[in-house]
Chemist: 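Attaching a single structure in structure tokens format; questions to follow.
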Amino acid sequence: MRSLRASWGRVQEQTWERIPSRLRPIVWFLIAFSVVFINRFDDTWMRMFFLVGLYATLGMGLNVVVGMAGLLDLGFVAFFATGAYTVAIFGSPVSPHDAHLNYWVLVPLAIGLGALIGVLLGLPVLPLRGDYLAIVTLGFGEIIRILALNMNDYTRGSSGLFEIRKPDLGFMVIEDVRAFYVMILVAALAVWFVTSRIRDSRVGRAWEAIREDEDVAAAMGINTTRYKLMAFATGAAVGAIGGAIYAPFIDFVAPQSFSLQVSINVLAIVIIGGMGNTTGVIAGSLILIGVPELLQFQETADFLQKFAWLRDVLNPVIHGFNTVTFLNLPDLPQPEDWGKKLALYRFVVFGLLMVIVMVLRPMGIFPSKRRELEFENPPEAELAASQGVG
Amino acid sequence: MAGATLSVRGLGMRFEGLAALADVDIEVPGGQIRGVIGPNGAGKTTLFNCLTGFYHPTSGEILLDGARIDGLATHEVSALGVSRTFQNIRLFANMTAIENVLVGSHTHITVGSGERRAPRRPSGHRLLDAARKIPGAPRAAGSAINELAGAVARPPAVRRVESEATDRARRLLQSVGLQRRENMIARNLPYGDQRRLELARALATRPRLLLLDEPTAGMNPQESASMVGLIRRIRDEFETTVVLIEHQMRVVMGVCEQITVLDYGRRIAEGSPAEVQQDARVVEAYLGTRAGTGGGHAAP
């Protein structure tokens with residue numbers, strides 16, 4: 001008991017105190033929000049929160065590869081697909097290879113297979129760097145999707161796999177959105193804990209050293225092959241966890257769910273949130289996954305009704321404009337259509353939002369502490385000293 | 001344990017018809033401070049790159065305490081006790097000073113059986129070398145999983161080696177005079193401190209042979225003088241053999257016990273500083289009877 005308390009103390013000191021004090025209220029709010037207030041939302045909202053949690057988890061996985069080890073991987077969807085297909089192929093009655101295995105047996109299998117595929121895809125790209133690595137991994141993402149499309153005997157091609165066995169906890173079966181939300185929350189927390197522990201270890205330092213200068217890292221005795229493969233495997237295992245949770249949630253696993261778009265979304269989350277930073281990944285996921293969903297909700301449309309008066313203000317302006325110029329701008333649509341229009345153009349809004357974020361915060365929403373330090377200038381005296389020498 | 005002896009025999013390094021090094025013999029006894037000088041393009045840095053496994057020499061052999069190290073991978077050479085600094089400082093720019101040093105300690109932050117088998121010399125055929133690694137793959141995977149699990153669970157043994165390494169890193173920073181810079185990002189350090197940090201990082205690997213590539217480049221006379229003192233102290237305290245490339249003659253003459261002179265990839269002279277200074281070929285290489293050599297290095 002005592003040692004348990006002691007180790008909790010260490011966790012606190014190593015994780016909680018790393019969070020800057022000005023951000024702590026936000027963290028408290030997020031915790032309270034995700035646990036307590038969540039009951040007030042209906043299933044549409046819960047679905048959104050689930051997807052936010054799922055992409056945050058995937059983001060943390062990709063962050064290991066891209067943010068920590070500096071290996072630009074554009075084929076992350078391959079591991080997501082591996083996880084989903086493992087659970088679906090061995091745990092769906094419609095699958096030609098149904099193994100009648102319990103979901104909880106399939107999860108470690110999915111993680112293991114994900115890590116294995118991570119290593120197998122990592123091996124040929126070991127000598128590649130930067131852009132070349134990105135192009136080849138991009139190909140891998142597509143290869144997995146096309147394989148899934150064509151290996152009819154296993155995946156049933158584009159007809160897909162469904163009726164996937166649900167996670168059974170013994171006292172309850174995880175079936176509804178709410179339960180899946182809790183599940184992804186637990187998974188995200190676990191992944192966050194594991195990845196932040198690894199980051200603060202010898203392994204994390206080796207990854208960072210490889211990111212900074214691979215040759216010098218080797219000169220310091222780091223077996224770069226080994227650590228690059230470890231990064232690929234760790235990231236891939238996390239991707240597979242995401243896939244393994246996504247499959248029973250969506251209950252339809254087919255190649256079209258595993259397009260390049262998934263890889264790009266996850267990468268965008270990592271970059272928008274602030275590379276190398278877990279808090280940032282969560283924020284990025286909220287914005288990139290949450291906002292587009294939010295824009296098509298009924299609640300958003302209802303909320304827009306409050307601004308119906310804008311129509312009375314702006315329409316005369318438009319008429320005036322049309323008489324002065326030769327343009328023929330249409331009137332604003334009826335307020336009850338605003339929600340529909342917004343849903344239609346949500347990716348325009350989303351794109352704008354992304355541009356704004358990157359202009360205002362080029363290092364991401366929550367730049368990692370390290371990045372903030374990088375952008376900080378050295379104190380005056382030291383600058384003078386360095387000029388004297390250099 | 002004194003520093004390791006280094007024997008370079010008939011070393012040659014060709015790049016597409018250009019012989020950067022040809023038939024170089026160097027013999028450095030353990031614990032010596034050896035200087036390598038020569039005009040620009042003489043092959044000094046190429047020599048270092050061969051010694052550290054960055055390049056695989058095209059002929060000849062390199063022995064560290066009698067064991068062949070040429071042809072081994074860079075990290076294997078490093079694990080055998082060869083460490084280096086770089087002419088154009090190559091720190092892990094976005095990591096803090098202490099993290100840089102901790103990366104240097106990488107091979108020493110291990111838990112459990114520290115036994116490591118002697119690295120196997122490659123055959124020269126890429127596919128054959130790759131195939132040789134296959135039988136070891138399950139063991140490698142096991143140790144990788146073990147290492148990740150240790151990083152996550154942080155058992156007492158892992159915490160202990162980590163804290164020992166941190167203490168040691170602090171002491172190393174202190175011994176090069178960077179105790180106040182511990183948590184500064186490397187790229188924000190003043191130039192002279194970056195050189196010192198590179199030295200601390202190289203020392204963290206516990207070298208038996210330390211290769212310094214122009215350790216005083218860009219330093220003013222006072223800083224150079226303190227670097228000379230530091231190099232001597234390091235040799236004595238850390239019991240290592242030191243080979244350094246240097247252009248500032250004041251430094252070379254002040255710190256080196258023996259000097260090897262390279263020109264156009266060949267060894268043209270060797271001896272004590274006084275002998276080398278008198279050597280006609282050295283004077284010729286530096287001041288030149290041919291056009292375009294020398295490049296402004298003050299002759300001895």
Side-chain angles (χ1 to χ4, degrees), chain A residues 3 7 10-11 14 115-116 119 123 193-206 208-227 229-230 233-234 237 276 368 370-379 381-390, chain B residues 52-54 73-79 82-84 86 90-96 99-100 102-110 133 140-141 143-145 147-148 150-154 158-159 161-162 165 183-194 201-202 204-205 218-220 223:
Chain A
S3 78
S7 62
R10 268 192 300 275
V11 169
Q14 280 156 2
L116 182 68
V119 171
L123 275 171
F193 177 76
V194 166
T195 51
S196 54
R197 275 296 185 103
I198 296 176
R199 182 196 55 206
D200 296 335
S201 72
R202 172 177 112 116
V203 184
R205 277 195 305 269
E208 276 186 67
I210 291 171
R211 184 192 70 199
E212 294 292 313
D213 192 328
E214 200 176 324
D215 300 322
V216 180
M220 293 302 128
I222 293 170
N223 183 344
T224 51
T225 303
R226 176 185 149 101
Y227 283 93
L229 289 180
M230 274 162 83
T234 310
S368 63
R370 181 179 317 291
R371 274 183 193 252
E372 273 183 277
L373 279 170
E374 281 167 37
F375 277 77
E376 217 169 69
N377 287 321
E382 278 154 1
L383 254 183
S386 68
Q387 278 159 356
V389 194
Chain B
T52 48
F54 275 50
T74 308
H75 71 267
E76 290 167 338
V77 176
S78 167
V82 181
S83 194
R84 72 175 291 185
F86 296 85
R90 285 173 81 173
L91 287 166
F92 303 118
N94 297 321
M95 299 172 79
T96 63
E99 281 170 337
N100 267 275
L102 282 170
V103 171
S105 312
H106 179 85
T107 50
H108 302 288
I109 309 181
T110 45
K133 284 181 186 147
S143 89
I145 292 168
E147 189 177 344
L148 286 171
V152 175
R154 254 180 230 172
V158 169
R159 275 202 299 275
V161 288
E162 272 285 332
N183 292 318
M184 265 181 86
I185 294 286
R187 68 152 60 150
N188 291 343
L189 286 171
Y191 182 84
D193 285 355
Q194 293 196 8
R201 183 182 67 181
T205 66
M219 288 187 166
N220 63 32
E223 285 174 315

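The model shown is predicted, which means the values in this text are computed figures rather than measured ones. Below, chains carry the letters A, B, ... as their sequence lines are ordered, and counting in each starts from 1.
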Chemist: For B/Thr205, check side chain to side chain donor-acceptor pair (under 3.5 Å) against everything at least two apart and list the hits.
Modeler: B/Ser83
Chemist: Which bit of B/Ser143 comes within less than 4.5 Å of chain A, counting heavy atoms only: side chain, backbone, both or neither?
Modeler: both
Chemist: Against chain A, work out which of B/Arg84, B/Glu147, B/Gln194 has the most heavy-atom pairs shorter than 4.5 Å and name it.
Modeler: B/Glu147
Chemist: With a 4.5 angstrom heavy-atom cut-off, which part of A/Thr195 approaches chain B: side chain, backbone, both or neither?
Modeler: neither
Chemist: Mind ranking A/Ala233, A/Ala219, A/Ala206 by heavy-atom pairs under 4.5 Å with chain B and telling me who comes out on top?
Modeler: A/Ala219
Chemist: Suppose we call two aromatic rings close when their centres sit under 6.0 Å apart. Are A/Tyr227 and B/His106 close by that rule?
Modeler: yes
Chemist: Could you check whether any side-chain N or O of B/Thr96 sits under 3.5 Å from a backbone N or O of B/Glu99, counting only pairs where one atom can act as donor and the other as acceptor?
Modeler: yes
Chemist: Holding to salt bridge (charged side-chain N to carboxylate O under 4.0 Å, His left out), I want the full list of residues that pass it with B/Glu76, two or more places apart in sequence or in another chain.
Modeler: none
Chemist: May I ask you to decide if A/Ser201's main-chain N or O and B/Glu162's side chain share a donor-acceptor pair within less than 3.5 Å?
Modeler: no
Chemist: Checking heavy atoms, do the side chain of B/Ala153, its backbone, both or neither come under 4.5 Å from chain A?
Modeler: backbone
Chemist: Find the one option among A/Thr225, A/Ile222, A/Val194, A/Val203 whose heavy-atom pairs under 4.5 Å with chain B are most numerous.
Modeler: A/Ile222
Chemist: Counting only non-hydrogen atoms closer than 4.5 Å, does B/Ala140 touch chain A with its backbone (N, CA, C, O), its side chain (CB onward), both, or neither?
Modeler: backbone
Chemist: Counting heavy-atom pairs closer than 4.5 Å to chain B, which one of A/Val119, A/Thr234, A/Asp215, A/Thr224 comes out on top?
Modeler: A/Asp215
